[in-house]
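Here the structure comes first, spelled out in structure tokens, and everything after it is commentary.
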4 protein chains.
Amino acid sequence: MAAKSKEEVVQEYRIESIQEATMRVIGRKGMAAATMQEIADEAGVAKGTIYLYFRDREELVEKTFESAILRLMDRVDAALDQEIGIDAKIRAVMAAHVGFFGENREFFRLYLSLRMPEGPATRQRRQKQHCQPHYRVRAEKFAKALEDAMDRGEVRRGDAYKLALFIIEGSTAIILERLNEDAPPSEEVDLDLITGLILDGIRKRS
Amino acid sequence: MAAKSKEEVVQEYRIESIQEATMRVIGRKGMAAATMQEIADEAGVAKGTIYLYFRDREELVEKTFESAILRLMDRVDAALDQEIGIDAKIRAVMAAHVGFFGENREFFRLYLSLRMPEGPATRQRRQKQHCQPHYRVRAEKFAKALEDAMDRGEVRRGDAYKLALFIIEGSTAIILERLNEDAPPSEEVDLDLITGLILDGIRKRS
Amino acid sequence: MAAKSKEEVVQEYRIESIQEATMRVIGRKGMAAATMQEIADEAGVAKGTIYLYFRDREELVEKTFESAILRLMDRVDAALDQEIGIDAKIRAVMAAHVGFFGENREFFRLYLSLRMPEGPATRQRRQKQHCQPHYRVRAEKFAKALEDAMDRGEVRRGDAYKLALFIIEGSTAIILERLNEDAPPSEEVDLDLITGLILDGIRKRS
Amino acid sequence: MAAKSKEEVVQEYRIESIQEATMRVIGRKGMAAATMQEIADEAGVAKGTIYLYFRDREELVEKTFESAILRLMDRVDAALDQEIGIDAKIRAVMAAHVGFFGENREFFRLYLSLRMPEGPATRQRRQKQHCQPHYRVRAEKFAKALEDAMDRGEVRRGDAYKLALFIIEGSTAIILERLNEDAPPSEEVDLDLITGLILDGIRKRS
DNA sequence: CATGAATGAGAATTCATTCAT
DNA sequence: AATGAATGAATTCTCATTCAT
């Protein structure tokens, strides 16, 4: 059995604590002001140690972003994979988002900095952006669920990918707003708002 | 008549061309990699000249962002101020966005970098964030239009501010996606998609 | 006879007001922080105008220093040229210093920056130091008076030049201290102190 | 025994060699023209290394000045603390000065730049002037010795602080003159001159 | 003559990255 | 493997000087 050697365990632990430190520091100072030194201090390791596990700052940030977003996507996948109606599915996906960002508030800044593709010709100083795929992957997964619902007649036909983009970004805006609110309403209230909006729009119907 | 002296004209021209250069360079390289030197080169002036018109890099970026966003908001305001139903109004607002971003593609990166409040404790190195207000102002204006529509019975009652956030961010995602598409569909198609989604949701109705 | 043309008068007036401005700004900000812009503003002329009358910053500062020190030296010369005993002469010289610095408080900083030879190999960025001569000239004039007094038997024989240096710098220290005192004593008191020290030393005699 | 760890030794060595380089460069180029790059080159380290040991240029210059002046003051204190008559004491103090400046010729320019309080409103760009105290402290220590001598009847009563200023600055002038002389006389000759002048003045007595 | 916008060399400072211990 | 002192490229910003108007 894949029994991890002590070295592997230590290694994984290091990687994790460095990534957590990275997220905390970027969450605190913002992407541009987060220095390797401060990240190292936060992680309780020496600056040089970081370079044993990550090629450079860019890779560190990217991998940190990726591993967080993967955890988010795991939750979202779990929601999407359920055999439930599109109503419940959307609600579950949104609940996954709300829960994740609530538990990982420091991820916020990192997410804002890297979530979107930066278009062509980006590869400069900071940010060489191999991250773009995730954005698409996430949207595509959601689009797939929408297409299934379209097939089942639950949802009107349309460009599922763009709908997915709209829904993800729109709901993210609300979720991030929650983080800034002094007294956010219960999750239920915001979830109702989001799912209601997505499913039925804002138009009043008799 | 407020006849502008020659100096004022020249001054305005300088400011404009520097801001345009700023937008182009940030559009090309990204916020972090855009250096004063490259902006100066792009604008065809010396580095020092920029400092005659802007206190420092921060003010340059901020003012550049602001003047662009003001142009966007002018268009949006024009759309919102029309005496038309919420359907048409939303479509007009979205059309304003699509048009603006289509004409100002370089603004994209700058917009992504500065549009959102960065939450508490941001005031670091770069970005003292006087930009935040615009984000809220824009959302609030839109929220006001929604509230009016609620009063008129066109729209279901709900948290207008959060609805506005959702709509703005969601539609922005689609608009930005257009910029990356090799062969974007006609504006009409995307506008139909967006307004349809906002007004009626995705649910299929018999 | 040398009737000054209007142009010459204007020219002299310009030079004078620029030099006065230079002294005031250096007096206020210190040598290093005094910029051409601020000097121009203080003088009420454009930056470029200064360069019509002075080759560069260095020449401006030097000439400003020189013209002030020449005024000081005129007073000192007047004191030295009197046909009076060395006691009275020293007192008169010191009175000239006290009076001059009292009237030209802004000169203080400039004086501190330039008074002394800076040794070999100075010619750098700021300060190419053609000013050194004055320091020596002043000391030599004073030394000449001491030598005369030695010849007349009023003063013990010794290295008149070094005595002069000692006396000038020592008394300057006291005079500058006056400028910093909130409530300086009457000039007479400090003059008694200085001349007493120079002439009779500090030793108590029966 | 406070055995220093190797790191501490290395650290102290670095600090010392950077400070020595600072003194040499300022001695050679003058305060204003001494750049961090040249100081680094002179010290044989990289520019960045200096910033590991000193916050900024100002702190570097200040600390360099201070540590030199402290060494001078140690010597002066040793002279002042001796239980000897004022004659011998003054001579010893002056000998300390002569010796120190002879051994630290590069300190000269730094000393000229920072020794004196620059009067009110100095706190500008360069020089926040924590250096002022030393000037006063040194004068006050010397004044204290003079007061003791007054109490013992060796010295006439008078404003001890101003006398001290006079003596320090006056003798410094002579000592600095030595540094510029091609063939300075023996120390003894100058010391005789200085102490004679201070104690007995220049007046010839029968 | 006077102006002041424009210039660009040059200075301080930061920080990702390396490498000897 | 871990460290952290050292590095130096890169960046921002300043300001003396020039020159077209």
Base, sugar-phosphate alone, or nothing: which one does [X] contact when heavy atoms must sit under 4.0 Å apart?
| X | answer |
| --- | --- |
| D:Tyr53 | sugar-phosphate |
| A:Val10 | nothing |
| C:Gln11 | sugar-phosphate |
| A:Thr35 | sugar-phosphate |

Quiz item: What is the bend of the helix from E:dA2-F:dT21 to E:dT21-F:dA2 when you compare the axis at one end with the axis at the other, using five pairs each and rounding to 10°?
Solution: 10°
Rounded to whole angstrom units, what separation is found between the [atom1] atom of [X] and the [atom2] atom of [N]?
| X | N | atom1 | atom2 | result |
| --- | --- | --- | --- | --- |
| C:Ile39 | F:dA16 | CD1 | C1' | 11 Å |
| C:Glu59 | F:dA16 | CD | C1' | 14 Å |
| C:Phe54 | F:dA16 | CZ | P | 15 Å |
| D:Glu38 | E:dG10 | CD | P | 13 Å |
| D:Lys29 | E:dA11 | NZ | C1' | 14 Å |
| B:Ile50 | E:dT7 | CD1 | P | 10 Å |
| A:Glu8 | F:dA1 | CD | C1' | 16 Å |

Self-check item: Nucleic acid contacts of residues 15-25 of chain C, taken as heavy-atom distances under 4.0 Å to DNA chain F
Solution: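 The answer is none.
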Practice problem: For C:Glu59, enumerate each residue passing the side-chain contact (heavy atoms from CB on, under 4.5 Å) test, keeping only those at least two apart in sequence or located in another chain. | Solution: C:Phe54, C:Arg55, C:Asp56, C:Lys63
Quiz item: Listed by chain and number, what are the side-chain contact (heavy atoms from CB on, under 4.5 Å) partners of B:Tyr51, not counting sequence neighbours?
Solution: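 Checked B:Tyr51 against side-chain contact (heavy atoms from CB on, under 4.5 Å); matches are B:Met36.
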Exercise. Keeping the roles fixed (side chain from C:Thr64, backbone from C:Leu60), state whether a donor-acceptor pair exists under 3.5 Å.
Key: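 Side chain of C:Thr64 to backbone of C:Leu60, a donor-acceptor pair under 3.5 Å: yes, one is there.
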Practice problem: Using a 4.5 Å cut-off on heavy atoms from C-beta on, say whether the side chain of C:Met31 contacts that of C:Val61. | Solution: yes
Quiz item: Do D:Ile39 and D:Lys47 touch side chain to side chain, with heavy atoms closer than 4.5 Å?
Solution: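 No, too far: nothing below the 4.5 Å cut-off.
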Quiz item: From E:dG4, E:dA6, F:dG8, pick the nucleotide closest to the side chain of D:Ala46?
Solution: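 Output: F:dG8.
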Practice problem: Can you figure out which of F:dT7, F:dT3, E:dA6 approaches the side chain of A:Leu52 most closely? | Solution: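 The answer is F:dT3.
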Please set out all donor-acceptor pairs under 3.5 angstrom arising from side-chain atoms of residues 9-19 of chain A, sequence neighbours excluded.
residue: A:Ser17; atom: OG; partner: A:Tyr13; partner atom: O; Å: 3.0
residue: A:Ser17; atom: OG; partner: A:Arg14; partner atom: O; Å: 3.1
residue: A:Gln19; atom: OE1; partner: A:Ser67; partner atom: OG; Å: 3.1

Pairs under 3.5 Å (N/O, protein and nucleotides 17-21 of chain E):
residue: E:dT17; atom: OP2; partner: A:Tyr51; partner atom: OH; Å: 3.1
residue: E:dT17; atom: OP2; partner: A:Arg57; partner atom: N; Å: 2.7
residue: E:dT17; atom: O4; partner: A:Lys47; partner atom: NZ; Å: 3.0

Self-check item: Parallel, tilted or perpendicular: ring planes of B:Tyr111 versus B:Phe65, cut at 30 and 60 degrees
Solution: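 Rings of B:Tyr111 and B:Phe65: parallel, as their planes differ by under 30°.
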Self-check item: Gap separating the CG atom of D:Leu110 from the CZ atom of D:Arg115, nearest 0.5 angstrom
Solution: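 Here the rounded value is 12.0 Å.
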Quiz prompt | CZ on D:Arg109 to CG on D:Leu114, rounded to 0.5 Å | solution =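 The distance works out to 12.5 Å.
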Exercise. Apply salt bridge (charged side-chain N to carboxylate O under 4.0 Å, His left out) to D:Arg24 and list each qualifying residue two or more places apart in sequence or on a separate chain.
Key: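 If we apply the salt bridge (charged side-chain N to carboxylate O under 4.0 Å, His left out) test to D:Arg24, skipping adjacent residues, the hits are D:Glu42.
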Quiz item: Which heavy atom in A:Ala34 sits nearest to a heavy atom in A:Ile26, and how many Å separate them?
Solution: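 The pair with the smallest heavy-atom distance is CB-CG1, 3.7 Å.
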Exercise. Just jot down the side chain to side chain donor-acceptor pair (under 3.5 Å) partners of D:Glu38, sequence neighbours excluded, or say none.
Key: D:Arg28, D:Lys29
Practice problem: Would you mind telling me which residue lines up with the more 5' stretch of DNA chain E, D:Thr49 or C:Val45, judged by nearest nucleotide? | Solution: C:Val45
